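Reading through the structure tokens given below for one structure.
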Amino acid sequence: DARFMGTTLSQINEAAPGLGGWLRIVFIVMGGYMVGAGVLTLYVAHVVMPRRLVGTAWTLALAGLLTVALMSAMNFVLHSDFRWVLLAPAVVWLAGLVCFALGDFRTSRDR
């Protein structure tokens with residue numbers, strides 16, 4: 001519903017008639033980007049994280065902040081209907097990061 005922007009959908013279509021088609025392409029690209037990021041995340045979780053390579057925690061922290069945490073925060077700023085659902089990936093990312101960091105702490109303490 002476009003009313004939250006102070007206009008109606010018909011006014012938007014009149015002012016920018018090609019916007020709907022353009023947005024469809026944008027969302028297809030964004031969807032592909034998200035799926036690609038998910039594939040990369042699964043690879044990192046399966047191959048890189050068990051090896052505990054130097055820089056893994058910082059990389060995961062920064063990647064999560066720039067993707068799921070930012071997405072979730074912006075949905076709250078926009079008062080999106082999906083803001084609470086989209087908080088879940090950020091919470092899962094944060095929980096995973098904490099578990100990974102705790103594993104580093106335990107490993108260094110056991111040495």
Side-chain angles (χ1 to χ4, degrees):
D1 189 330
R3 285 179 274 155
F4 80 93
M5 295 187 331
T7 188
T8 65
L9 185 56
S10 61
Q11 289 171 323
I12 292 171
N13 286 333
E14 185 178 321
L19 184 62
W22 181 81
L23 283 173
R24 191 171 308 111
I25 293 169
V26 167
F27 286 115
I28 289 170
V29 170
M30 190 177 356
Y33 185 83
M34 287 188 275
V35 170
V39 169
L40 184 58
T41 299
L42 290 173
Y43 175 79
V44 168
H46 182 68
V47 175
V48 178
M49 289 179 72
R51 295 181 184 175
R52 298 202 166 278
L53 301 173
V54 175
T56 300
W58 286 108
T59 301
L60 293 172
L62 185 57
L65 281 172
L66 294 172
T67 57
V68 294
L70 182 62
M71 174 192 64
S72 181
M74 291 303 102
N75 274 277
F76 276 90
V77 168
L78 294 170
H79 300 286
S80 165
D81 292 342
F82 303 102
R83 64 186 175 267
W84 293 106
V85 173
L86 292 173
L87 181 61
V91 170
V92 170
W93 158 76
L94 186 58
L97 188 61
V98 167
C99 289
F100 186 79
L102 286 175
D104 277 352
F105 174 74
R106 288 186 185 131
T107 302
S108 66
R109 193 178 66 186
D110 293 340
R111 289 182 192 160

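Since we're looking at a predicted model, the values are computed, not measured.
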Are [Y] and [X] connected in a single hydrophobic cluster, I mean Ile/Leu/Val/Met/Phe/Trp/Tyr linked by side-chain heavy atoms less than 4.5 Å apart?
X: Val26; Y: Ile12; value: yes
X: Val98; Y: Val92; value: no
X: Leu94; Y: Val44; value: yes
X: Leu60; Y: Tyr43; value: yes
X: Val91; Y: Leu97; value: no

Legend entry - Derivation of the side chain to side chain contact (heavy atoms under 4.5 Å, CB included) call for Phe76 and Leu86: CA-CA 9 Å; Phe76 276 90; Leu86 292 173; over 6 Å; no
Legend entry - Main-chain N/O of Arg52 paired with Thr56 side-chain donor or acceptor, under 3.5 Å: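 Checking the backbone N and O of Arg52 against the side chain of Thr56, no donor-acceptor pair under 3.5 Å is found.
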Inset, instruction - Give the other cluster members for Ile28, using side-chain heavy-atom distances under 4.5 Å between Ile, Leu, Val, Met, Phe, Trp and Tyr residues; answer none if it is isolated. - result: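 Reading the cluster by chain and number, Ile28 sits alone, since nothing else belongs.
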Legend entry - Remaining members of hydrophobic cluster (4.5 Å side-chain criterion), Leu66: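 The other cluster members (ILVMFWY side chains, heavy atoms under 4.5 Å, direct or chained) are Leu62.
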Legend entry - For the student: nearest non-hydrogen atoms of Gly64 and Trp93, plus distance: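 Looking at all heavy atoms of both residues, the closest pair is CA-NE1, 3.2 Å.
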Inset, instruction - Kindly give the heavy-atom pair with the smallest separation between Asn75 and Arg83, and that separation in Å. - result: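 Looking at all heavy atoms of both residues, the shortest contact is O-CB, 3.7 Å.
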From [X] atom [atom1] to [Y] atom [atom2], the distance as rounded to the nearest 0.5 Å:
X: Leu19; Y: Glu14; atom1: CG; atom2: CD; result: 13.5 Å
X: Met71; Y: Met74; atom1: CE; atom2: CE; result: 11.5 Å
X: Ser72; Y: Trp84; atom1: OG; atom2: CH2; result: 9.0 Å

